Amino acid sequence: MTDPHVTRRTLLRYGAYGAGAAALAGTAASWDRLTGADIPGRDDGSLVVATLGPAYGPEAIRTLTEGFKEVHPDIKLRINAVQAVDWSDFFAKILTQIAAGTAPDLVYVATEGVQLFAQRLGVALDRWVKRDAAELREYFADVHPSLVESMMYEGSLYQLPVEFNAADMYFNTQVLKRAGAQLPPADWTRDDFTTLLRDMKKSSGSQFTPYFWTNRLWGGVVPWLFANDTNLLAESKAPGGAWLWDSFYPAAQRQGRGGGFRWTTPQATHDRVEEAYDYLASLIQEDLCTRPEGGNGQNLIGVFSTGRVGVTPAGGFWAGGLHLAGMKSDGFDVQYFPRWRTQRMQYGAAGYALLRTSKKQDEAWEFIKFAARRDTLMRLFETNQTTPARRSMLTADRYRESGPSQWQVFYDTLDRFPDTGPIPAPPQVAEVEQVLLKHTGTALASPRSVRGALRRMQGDLEKAMERDV
Amino acid sequence: MTNTQVPPVRSRPAAPPPSLPRPSARERGTRLLAALFLAPTIVGIVVFTVVPIVGSVVLSLFHWNVIDPPSFAGAANYREVFGDSTVLVSFRNTLVFMVFAVALQLLIALVLALAVNGRMPVWLRSVFRSAFFFPLVLSAASISVVMKYLFNQDFGLVNWLLGTVGIAPVPWLTSENAAMATVVLVYVWQQFGFSFLLFVGGLNNIPKEIHEAAALDGATGLRKHLHVTLPLLSPTLLVASVVGIINALQVFEQPYVLTNGGPGDSTRTVVMVIYESAFEQLRFGEASAVGVLLFVLIMAVTAVQFRLSRRFVHYE
């Protein structure tokens, strides 16, 4: 049996070990050692820019850092590519950094977060834009005013858009051929859409789903609401913004522009909203459409490229995605979202927001300008992973290899339908999105549940909009 | 004749409790050494468990959105939580999930442990043990992503397999009725390996002689397991159920990835609500209040389990 007691000698030996260890620890502590501050760029006075990681790989980061260094060798830059599943996950991580006292100077923010950042965290860019008006004239001439307006909040500009994606319709050309159909014309209607789905269903097997969509704020039910001339929240424009429109846009383009979008009263129980949900429910009942499923559409590339899905709403980013997935340029094509009461479409844009906590605001503004330059965007968006905000970048050459043949649709969604609008994203966007996804799931999960679900959605949206962020 | 009468026992006055002998130098050394070994764990528990719990309780009394400084709210967060139907539904969902997930997990683990513990070649036993434990070492999030593909109504492998035998596609993740059952299935598939290993260990500790004696008394098959194996396995069952319930009450990854809480709120769990309130809606005070309530619930359920265990758990 082992003696559990420790002898005096053993104890002394342990004591000696302990003293030795303490001496070693003390010596080690006195040495110069690596700490968090030694991580390249951290706390070294760099301008810190947080971007959505998956969209900004090492190549893009190099493009930004090296390019910026050439223009501004005196400003140290660090790109912090935050890995996140989607925009709400990204914002959550940025807010955690802010709470931890390690806020970046600039954050890449999409339409979903523009008003939240503007209201609580962002700095208006107005004074710099006015100061550098001459330099920016070329930029604004190349960017659709609707994209710029979506980056305004209560009369001030908070970001320069660098990319956007409108919810257009993608078609698998092999499926179209199988159905004996052509790519629909630009002015096609909702009924044409239904007929096409039926034709596709008839010509394909039971393992085929004509229309696939994901339940989210961009590209889910909302484009159908736009097409049916309604929206989740009442839409209006804030006053102001003339300082920008008058300086940079000709009269025809500044007509009707204001100081940014205002999203106010929920209208989920509006007849047209119900009509849009009923329509999607009818497609589900007829087996023409998937049930609402969450996600970001990544799992869709496989089923679309193999011809198990015929049609899906996606933006310019999908051209690059399908190409990278090995789909040939003539394997798919794109057309505008179909007309219902209107052919107004939905888009989301993104740019860099400057945080109030930043102590390098002038340097940050220089980065914002650099990131919106044509040559920067040309290098950054080489693989068509998005639709550049600059009209001049959308050329036949850019889409020759990846497709689609109807690549003009991407920017023409704005030019041809100038009332095309941004995602309804008030400062309370996180809760609004959650309510939308939740009740859309319920409304379309079982037959005849639309009306009840929309009534509950209305109640929850009202509560969400009353809340201060 | 002998006197068989027993003389009455005279009660003695109670003796004063013996004073504890002063520990020897050797004992003091042992205690010191024990304290040294325990110190890192105790510091870890204090820093990473006690402090966050106290912090959550304090934060639950404040309004805080990360951006603005916290402001004292008193019980307002708790009032808000009790008036929020989503929170209440999430507690109901979590309890429903816990009941089915733990019951299924224990049942499957027990049946498989009994099967593996039976007559079987050693190598095959090892294969089964590894196979059943394997899902547990994988990340719940990655498993859920794969399962999301498998259970997709339109393109998933599960419905394709069902289709080959003429069964219509099931909306595994998009129907309010089926979604929770699917989440439970995925969770149980991943988690039962832990209980399985505990049961295998517990079964190995039951002396063979007891089973042989029971067999001699005529107990065979199910009766033997009900009256001999289960009572002797009851301490292991208690551990497995306590750990299983605590884990199930904190479920997050599976419903978050598979259904994002939907359709509607049908698979929204308490931890999901905490995450959404804090990190998506910036209501850290309310999120902390929900966290405190979950903590109380877990403590209460665990206390009830230990209380009940006095009746059902046999240590000899």
Side-chain angles (χ1 to χ4, degrees), chain A residues 4-8 10-12 14 18 85 88-89 91-93 95-96 98-99 116 120-121 206-209 212 215 284 287 289-295 299-300 302-303 306 308-309 356 428 430-431 433-434 437-446 449 453 456 460 463-464 467-469, chain B residues 24-34 36 63-68 80 83-86 141 145 148-149 151-156 159-160 163 168-169 171-179 256-268 275-284:
Chain A
H5 297 294
V6 180
T7 65
R8 183 181 294 271
T10 311
L11 192 63
L12 282 171
Y14 283 129
V85 184
S88 63
D89 189 28
F91 295 149
K93 288 178 175 172
L95 290 164
T96 310
I98 293 169
L116 170 66
R120 309 309 298 254
L121 296 156
S206 60
Q207 297 297 319
F208 173 79
T209 304
F212 185 103
N215 188 15
I284 291 169
D287 235 6
C289 164
T290 50
R291 282 173 181 240
E293 195 192 344
N299 56 341
L300 176 57
V303 287
T306 51
R308 280 183 289 162
V309 160
R356 281 173 211 172
Q428 297 90 340
E431 209 168 340
E433 183 176 21
Q434 193 195 343
L437 304 194
K438 183 167 100 176
H439 293 296
T440 298
T442 313
L444 302 177
S446 50
S449 53
R456 289 191 293 278
D460 284 355
K463 261 192 270 173
R467 271 187 172 143
D468 193 19
V469 179
Chain B
S24 66
R26 178 183 289 184
E27 281 171 335
R28 284 204 301 275
T30 309
R31 287 178 191 177
L32 180 67
L33 199 63
L36 279 173
H63 288 306
W64 189 45
N65 66 0
V66 179
I67 302 159
D68 304 314
E80 188 75 26
D84 188 336
S85 61
T86 304
V145 169
K148 191 174 167 141
Y149 283 91
F151 283 104
N152 182 291
Q153 186 189 352
D154 301 285
F155 318 108
N159 274 350
W160 180 81
W172 296 103
L173 299 169
T174 50
S175 145
E176 287 193 346
N177 299 326
Y256 185 73
V257 177
L258 284 166
T259 59
N260 199 19
D265 281 327
S266 60
T267 56
R268 200 170 305 280
Y275 175 79
E276 288 162 355
S277 304
F279 295 104
E280 290 181 359
Q281 295 158 17
L282 308 181
R283 297 206 295 266
F284 281 82

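Bear in mind the structure is a predicted one, so any value in this text is a computation, not a measurement. A note on names: the letters A, B, ... follow the listed sequences, proteins ahead of strands, and every chain is numbered from 1.
The backbone N or O of A:Ala430 sits nowhere less than 3.5 Å from a side-chain atom of A:Glu433 that would complete a donor-acceptor pair. Judged by distance alone, with hydrogens and angles left aside, the side-chain atoms of B:Glu176 form no donor-acceptor pair with the main-chain N or O of A:Ala445 at under 3.5 Å.
Residue A:Arg456: no heavy atom, backbone or side chain, is found under 4.5 Å from chain B. Only the side chain of B:Leu282 comes within less than 4.5 Å of a heavy atom of chain A; its backbone N, CA, C and O stay farther away. When heavy atoms are compared at a cutoff of 4.5 Å, B:Asn177 does not approach chain A at all. Contacts between B:Glu280 and chain A at a heavy-atom distance below 4.5 Å involve backbone atoms as well as side-chain atoms. With a 4.5 Å cut-off on non-hydrogen atoms, A:Gln434 touches chain B through its side chain but not through its backbone. Heavy atoms of B:Tyr275 lying under 4.5 Å from chain A belong exclusively to its side chain. Only the side chain of A:Leu121 has a heavy atom closer than 4.5 Å to any heavy atom of chain B.
Of all the listed residues (B:Asn65, B:Val145, B:Ile67, B:Val257), the one sharing the greatest number of non-hydrogen pairs under 4.5 Å with chain A is B:Ile67. The choice from B:Val66, B:Leu258, B:Leu173 that makes the most heavy-atom pairs within less than 4.5 Å of chain A is B:Val66. When each of B:Arg283, B:Arg268, B:Glu276 is scored by its heavy-atom pairs under 4.5 Å with chain A, the top score falls to B:Arg283. Between chain B and the options A:Arg467, A:Lys93, A:His439, the largest number of non-hydrogen pairs under 4.5 Å is found for A:Arg467. Interface remark: of the candidates A:Leu437, A:Asp89, A:Asp287, A:Thr442, A:Thr442 forms the most heavy-atom pairs closer than 4.5 Å to chain B.
To the nearest 0.5 angstrom, A:Lys438 atom NZ is 3.5 Å from B:Asp265 atom CG. Residue A:Asn215 holds its CG atom at 10.5 Å from OG1 of B:Thr174, rounded to the nearest 0.5 Å.
Remark: A:Thr440 engages A:Tyr277 in a side chain to side chain donor-acceptor pair (under 3.5 Å) (not counting sequence neighbours). Partners of A:Thr209 by side chain to side chain contact (heavy atoms under 4.5 Å, CB included), not counting sequence neighbours, listed by chain and number: A:Thr290, B:Asp154, B:Phe155.
The closest side-chain heavy-atom distance from B:Gln153 to B:Ser175 is not below 4.5 Å.
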Query raised in the report: Given the rule in the side-chain contact (heavy atoms from CB on, under 4.5 Å) test, do B:Leu32 and B:Arg28 qualify, once you have shown the distances and angles that lead to the verdict?
Result: CA-CA 6 Å; B:Leu32 180 67; B:Arg28 284 204 301 275; over 6 Å; no
